[in-house]
Amino acid sequence: MATTEHPPPSRLRTWLLEDLSDMGNGHGPQGPYAEPEPPHKGQRWYRVMCLTGVDYFSTLGYQPGIAALAAGLLSPVATLVLVVVTLAGILPVYRRVAEESPHGEGSIAMLERLLSFWKGKLFVLTLLGFAATDFLITITLSAADASTHLVENPHLNSALHGKQMLITLLLVALLGAVFLKGFMEAIGVAVALVVVYLGLNAVVVAVGLWHVLTAGHLVTDWTSGLTADHGNVFAMVGVSLLVFPKLALGVSGFETGVAVMPHVQGDPGDTEQQPRGRIRDTKKLLTTAALIMSAYLIVTSFVTTVLIPKKEFEAGGQANGRALAYLAHEYLGGGFGTVYDVSTIAILWFAGASAMAGLLNLMPRYLPRYGMAPHWARAVRPMVIVFILIAFLVTWIFDANVDAQGGAYATGVLVLMSSAAIAVTIAARRAGQRGWAIGFATVSAVLVYVTGANVVERPDGVKIGACFIVGIMLVSLLSRLARAFELRVTHVELDGMAERFIRDMAHRRIRFIANDPGRRDKAEYRDKVEQIRADNDLPELEDFVFVEVTVTDPSEFETDLRVRGEVLHDRYRVLTLESSSIPNALAALLLHARDVTGTIPHIYFEWTEGTPFANFLRFFLFGQGEVAPVTREVLREAEPDRAKRPRVHTG
């Protein structure tokens, strides 16, 4: 009897695939090759807040400067408008997302439920493209901004000038090394960085406010200039709304906030179906982060606008992209300023950690389930390596330039926020919550406007997002094509009648007839049996069981298989099953029958009419077509030992 030897996996392969579920406990194994997931303990919500906060809070490193360039003296008012939109609109949206999608898939999962078949999959892949744009550009932009702070430090400028690209690549590589070491270490680093960074910012803000209050003319000069430029409050708010798209980076942490939900500990009684504690604590996480950031945004925009000369914000100015660092050096001395620079560099570098966590939680939940990534894509370490290599490429393409990546970053953030707002609007409407639906619809309109304005002003963001989308779709479709002949059935379950049919036949020989059901009348089954006997020269004493597969959603890659037995016309035994693919379902049934009885089953087909290429496309897209040869190929892939392989006959 032929046997197949499998060499032991190498140490490198074992290390790479050691932890297939470090990024959360999802929904369990999803396919014949998925490894079971170990228990996931999670972390307290405030610790996880620090992980998403390294992205959210780190925007203080550049947000005040962006606001000053976009709005000038109006910067504090424009920032106040941003804060109002955040607390009254975006925060409620993401609190609802956390409630509706507590496993970290975010608004993408909510919208996925609205669409089915291939249009749903393509829509999700499009949103994943924007998510990849958001998260990957977060990694590269933050590392580039960190290297900018390092290069522009007065004590290091001469030594590091012209080396920003190298420094950025080293920071990206170092981030990847942290995740290759282990995810829990990343949360520990995030907590330390956030506590130190927010503490240093509190000192800078306090000193800045003291200088503003002790020099009374500064406030007077600011208000006079504001009134002279804009006249009244309504004009100020109107202009603030116009510049709002440029300030939108200040709300970039919400999507990562829900993406890292699986790491929130919740209550001991939480289940994956009803994680009430996780939802409650994630809402605490989102609200606390939003309140802290809102307070900092308001005071930092005020002190930087009042204390820093306008020319310093412009390109080449000492406050360009580092307004608070400028104040730290100016009012607290070079020593404190350098400490502040180090803290800013560290948190900007590690801002990519929350984005990496989001990628590692989001992508493996969709692409392998769609069959659009190899099974190792569920493992953390291989995916970290893939994302870091892509980050290297993006950094090289943009020459580690912060401004050049800003458009793509904003586009990714705003598209995901808009999709979240639309998703919760639909959810509220379906739940009959008219007031919430109107409120969420208003937020959706605002975010769609902001997204459109950003696209018009910075179309490069859409172009970059489109590249990610095309790349994901191309790789996904090629991966699905390569995996088309996998078994693709996660579990086979037979009802009592179906079990009885198979065990009864096992005493003689298990013979199945694959039948495409038509009218299901007596003549159909009689004629089919006669045809199979004639084509394969079988004696009349042989008996058969018919197998009929109904294709449900052919775009699904992996499915459970539930088999129901019935007797039709008091004579013909029929097994009926539903699946996304006829050949894969038949192969899974044959292997299951072999395993439970110890007998090699036989299955009989008739040839499919039409050209082989057209039939293969029908199989690939719609789960049916070249059934006989594809069933045999799936069996060959699943069972390398020919002697143990179920027999396929075609006449």
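In what follows, every heavy atom counts, from backbone to side chain, and hydrogens, waters and symmetry copies are set aside. In this text the structure is predicted, and so the values were computed from the model without any measurement.
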Within the structure provided, determine whether Phe135 and Met356 are in side-chain contact (heavy-atom separation under 4.5 Å). no
In this structure, is the centre-to-centre distance between the rings of Phe57 and Tyr296 below 6.0 Å? no
Using 0.5 Å steps for rounding, measure from the CG atom of Leu174 to the CD1 atom of Ile167. 13.0 Å
Quick check for you: to the nearest 0.5 Å, what is the distance between Arg95 atom CZ and Ile90 atom CD1? 14.5 Å
Under a 3.5 Å cutoff, is there a donor and acceptor pairing between the side chains of Thr451 and Ser418? yes
What is the minimum heavy-atom distance between Leu87 and Pro92, and which atoms define it? O-CD, 3.4 Å
Mark yes or no for whether Trp349, through its side chain, and Ala146, through its backbone, hold a donor-acceptor pair below 3.5 Å. no
Min side-chain heavy-atom separation Tyr340-Leu332 under 4.5 Å: no
Evaluate the criterion side-chain contact (heavy atoms from CB on, under 4.5 Å) for residue pair Leu324 and Gln63; output intermediate values, then yes/no. CA-CA 10 Å; Leu324 291 174; Gln63 179 70 13; over 6 Å; no
Shortest non-hydrogen pair, Met49 vs Ile292, comes out as CE-CD1, 4.3 Å
If you compare all heavy atoms of Asp341 against all heavy atoms of Ala325, which two are closest, and at what distance to 0.1 Å? OD1-CB, 3.4 Å
Check this for me, if you would: do Glu100 and Arg96 make a salt bridge, where the nitrogen-to-carboxylate-oxygen distance has to be below 4.0 angstrom? yes
Can any side-chain N or O of Thr52 pair as donor or acceptor with the backbone N or O of Val48 at less than 3.5 Å? no
Testing the basics here: between Ser343 and Val196, what is the closest heavy-atom pair and its distance to 0.1 Å? OG-CG1, 4.0 Å
Evaluate the side-chain proximity of Thr133 to Val415: yes if any heavy-atom separation is below 4.5 Å, no if none is. no
Can any side-chain N or O of Thr425 pair as donor or acceptor with the backbone N or O of Phe440 at less than 3.5 Å? yes
Verify, without hydrogens or angle tests, whether Ser301 (side chain) and Ile298 (backbone) share a donor-acceptor contact under 3.5 angstrom. yes
side-chain contact (heavy atoms from CB on, under 4.5 Å) between Leu60 and Tyr197, intermediate numbers included: CA-CA 10 Å; Leu60 289 172; Tyr197 184 67; 3.6 Å; yes
Apply the test side-chain contact (heavy atoms from CB on, under 4.5 Å) to residues Val189 and Leu193: give CA-CA distance (whole Å), side-chain angles for both, the deciding distance (0.1 Å), then the verdict. CA-CA 6 Å; Val189 173; Leu193 289 176; 3.8 Å; yes
I want to check something: taking the side chain as every heavy atom from C-beta on, are Val204 and Phe336 in contact at a cut-off of under 4.5 Å? yes
Can you confirm whether the side chains of Thr140 and Thr395 place a donor and an acceptor under 3.5 Å from each other? no
N/O donor-acceptor pair under 3.5 Å between Thr79 side chain and Ser75 backbone: yes
Would the distance check show the side chain of Ser58 and the main-chain N or O of Val54 forming a donor-acceptor pair, the cut-off being under 3.5 Å? yes
Is the shortest distance from a Lys or Arg side-chain nitrogen in Asp267 or Arg278 to a carboxylate oxygen in the other one below 4.0 Å? no
Do the non-hydrogen side-chain atoms of Asp560 and Val489 ever get within less than 4.5 Å of each other? no
Are a donor atom and an acceptor atom from the side chains of Tyr46 and Asp281 found within less than 3.5 Å of each other? no
Applying side-chain contact (heavy atoms from CB on, under 4.5 Å) to Leu416 and Phe254, what does each step give before you reach the verdict? CA-CA 10 Å; Leu416 292 179; Phe254 284 96; over 6 Å; no
Just verifying a value: how many Å separate Leu80 CG and Thr86 OG1, rounded to the nearest 0.5 Å? 10.5 Å
Tyr56 backbone acceptor or donor facing Thr59 side chain under 3.5 Å: yes
Heavy atoms of Ala143 and Leu171 approach each other most closely as O-CD1, 3.6 Å
Min side-chain heavy-atom separation Trp45-Arg280 under 4.5 Å: no
Find the distance between OG (Ser294) and CG (Leu82) and round it off to the nearest 0.5 Å. 7.5 Å
Heavy-atom check, side chain of Leu286 versus side chain of Leu91, under 4.5 Å: yes
Within 6.0 Å of CZ in Arg429, more than 12 heavy atoms from elsewhere: no
Can you tell me how far the CG atom of Leu128 sits from the CD1 atom of Ile469, to the nearest 0.5 Å? 9.5 Å
Could you tell me if the side chain of Gln265 sits less than 4.5 Å from the side chain of Gln43, heavy atoms only? no
Point-to-point distance, once rounded to the nearest 0.5 Å, from NZ of Lys283 to CE of Met261: 9.0 Å
What are the two closest heavy atoms between Gly53 and Val194, and how far apart are they? C-CG2, 4.2 Å
